[in-house]
Amino acid sequence: MYYQYDGSFPGFLSVVYQAYHDGTSHVEKIENKRAGSSLFGNEKIITSNIDHASSVINSFHQKCGSIAAHTLYYAFMAEQPEREMILFYYICTAFRHIGTLSVCRRDPWIQQVEKWSLKTSNECQRILGLLRFNELAAGMLYAIIKPDYNIVPLIAGHFTNRLPAEEWAIHDIHRHIAAYYDKKTLLITEITEPKHNLDYSKDEQKFRQMWCQYYRSIAIKERENPRLRRSFMPEKYWPYLTEMTADQTLQN
């Protein structure tokens, strides 16, 4: 049986729910609907069902543990090609080896899932230290990122806790999604028509200059190590770092 879903994590879990209902031995392929119809024309389109998804993840968390559930979610958010069948195998293996999944870590598929999860987790930690907010004219804090993995839903909770009294948005310009917090509710939303010419606050340029001055003042010229800096601050993130774009002029 070929299963198709909407590409979301709840959608994938809904497929897992249906696959266990149909019989896991009948699962031949799980793919995003955007991949198109299968060559055999016997695909089964599964609609995302929050109740079914919750049932699967809650059972998985309860029986297989929080670490396994965390690994599954972060590996999914790595958005790797052909991830679905490998993640489905991971789920089935974890359910078969409840409490003893660690003994299966020599399995190359299990190792692959853990590697994906680790890559996503590492980028989350890196972005938490590199993300820079800018103040817009309306007072909202706005940050642009372009991560390798789908981490916006994973880091949003951190900023909800750190900035509970602020209105802010974190925009993933690669996936056209954003986490938006209005001081009360956190929302993950699609950005279909991003605004390119943003109106920044009158004080934003001053804040940027102060931050760049601080960045330069704490630097020790004799101890400059470009290679080490790139290891902690990869160049792919530089276009979105205030201190690395000091010469850019904000539009007010």
Side-chain angles (χ1 to χ4, degrees), residues 1-121 123-124 148-157 172 175 177 179 188-190:
M1 177 67 70
Y2 285 72
Y3 294 91
Q4 292 190 333
Y5 73 113
D6 60 8
S8 68
F9 188 58
F12 172 69
L13 295 178
S14 298
V15 171
V16 174
Y17 181 94
Q18 187 62 47
Y20 268 88
H21 180 271
D22 295 339
T24 57
S25 62
H26 298 294
V27 179
E28 298 177 70
K29 191 175 183 63
I30 302 172
E31 59 185 5
N32 193 317
K33 284 189 293 187
R34 287 176 292 183
S37 300
S38 70
L39 295 176
F40 303 100
N42 62 338
E43 66 273 6
K44 189 172 186 177
I45 299 176
I46 304 299
T47 303
S48 182
N49 186 304
I50 296 301
D51 291 334
H52 291 175
S54 297
S55 176
V56 172
I57 196 61
N58 290 338
S59 178
F60 191 78
H61 185 278
Q62 180 181 5
K63 296 180 180 179
C64 304
S66 58
I67 294 178
H70 177 278
T71 299
L72 172 65
Y73 184 38
Y74 274 57
F76 181 88
M77 300 303 271
E79 297 184 331
Q80 299 299 302
E82 305 296 331
R83 60 180 167 170
E84 288 84 3
M85 286 304 297
I86 295 178
L87 293 175
F88 180 69
Y89 174 81
Y90 178 81
I91 292 173
C92 294
T93 302
F95 274 131
R96 285 199 305 268
H97 298 273
I98 293 176
T100 60
L101 182 60
S102 59
V103 303
C104 303
R105 284 182 175 168
R106 291 185 179 181
D107 186 316
W109 282 21
I110 300 299
Q111 292 178 356
Q112 185 63 75
V113 172
E114 292 182 342
K115 286 179 181 178
W116 290 344
S117 176
L118 181 60
K119 287 181 178 180
T120 303
S121 181
E123 185 164 51
C124 283
D148 292 332
Y149 310 117
N150 189 5
I151 65 170
V152 165
L154 305 179
I155 65 174
D172 182 341
R175 294 171 181 80
I177 64 171
I188 306 297
T189 182
E190 293 186 1

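Atoms considered below: every heavy atom in the structure, side chains included; atoms not considered: hydrogens, waters and symmetry mates. Bear in mind that the values here come from a model prediction, so they are computed numbers and not experimental data.
The number of heavy-atom neighbours closer than 6.0 Å to CD1 of I67, taken from other residues, nucleotides and ligands shown, is 12 or below.
Of the inter-residue distances, the one linking Y74 atom OH with E123 atom CD reads 11.5 Å to the nearest 0.5 angstrom. Remark: S59 OG to Y17 OH distance equals 11.0 Å, nearest 0.5 Å. Interatomic distance, NZ of K63 versus CD1 of I98, reported as 5.5 Å (0.5 Å rounding). Atom OH of residue Y3 and atom CZ of residue F88 lie 7.5 Å apart, to the nearest 0.5 angstrom. Of the inter-residue distances, the one linking E43 atom CD with E31 atom CD reads 8.0 Å to the nearest 0.5 angstrom. Expressed to the nearest 0.5 Å, how far CD1 of I86 lies from OG1 of T93 amounts to 11.5 Å.
Side-chain contact check for Y149 versus C124: every heavy-atom pair is 4.5 Å or farther apart. With contacts defined as side-chain heavy-atom distances shorter than 4.5 Å, the pair Y20/V56 does not qualify. Side chains of Y2 and K29 form a contact here, defined as non-hydrogen atoms less than 4.5 Å apart. Contact annotation: the side chain of K119 never approaches that of D148 to less than 4.5 Å [non-hydrogen atoms, C-beta and beyond]. F95 is listed as a side-chain neighbour of F60, based on a closest heavy-atom distance under 4.5 Å. Side-chain atoms of T120 and Y73, non-hydrogen and from C-beta on, never get closer than 4.5 Å to each other. A 4.5 Å side-chain heavy-atom check between L87 and L72 finds at least one atom pair inside the cut-off. You'll find the side chain of Q80 stays beyond 4.5 Å of the side chain of Q112, heavy atoms only.
Qualifying side chain to side chain contact (heavy atoms under 4.5 Å, CB included) partners for D107, counting only residues two or more places apart in sequence or in other chains: Y89, W109, I110. For R83, the salt bridge (charged side-chain N to carboxylate O under 4.0 Å, His left out) criterion is met by no residue, not counting sequence neighbours. Applying the side chain to side chain donor-acceptor pair (under 3.5 Å) criterion to Q62, with sequence neighbours excluded, gives no partner residue. Remark: D6 engages no residue in a salt bridge (charged side-chain N to carboxylate O under 4.0 Å, His left out) (not counting sequence neighbours). Listed by chain and number, the residues in a ring-ring contact (aromatic ring centres under 6.0 Å, His included) with F76 are F9, F12 (sequence neighbours excluded).
Across every non-hydrogen atom of V27 and A19, the tightest pair is CG2-CB, 3.6 Å. The two residues C92 and T24 have their closest heavy-atom pair at SG-CG2, 4.3 Å.
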Return all side-chain donor-acceptor pairs below 3.5 angstrom for residues 45-54, not counting sequence neighbours, or 'none' if the list is empty.
| residue | atom | partner | partner atom | Å |
| --- | --- | --- | --- | --- |
| N49 | OD1 | D51 | N | 3.0 |
| N49 | OD1 | H52 | N | 3.0 |
| S54 | OG | I50 | O | 2.8 |

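Between the E28 side chain and the M1 main chain, a donor and an acceptor come within less than 3.5 Å of each other.
In this structure, a donor-acceptor pair under 3.5 Å is present between the side chains of E84 and Y5.
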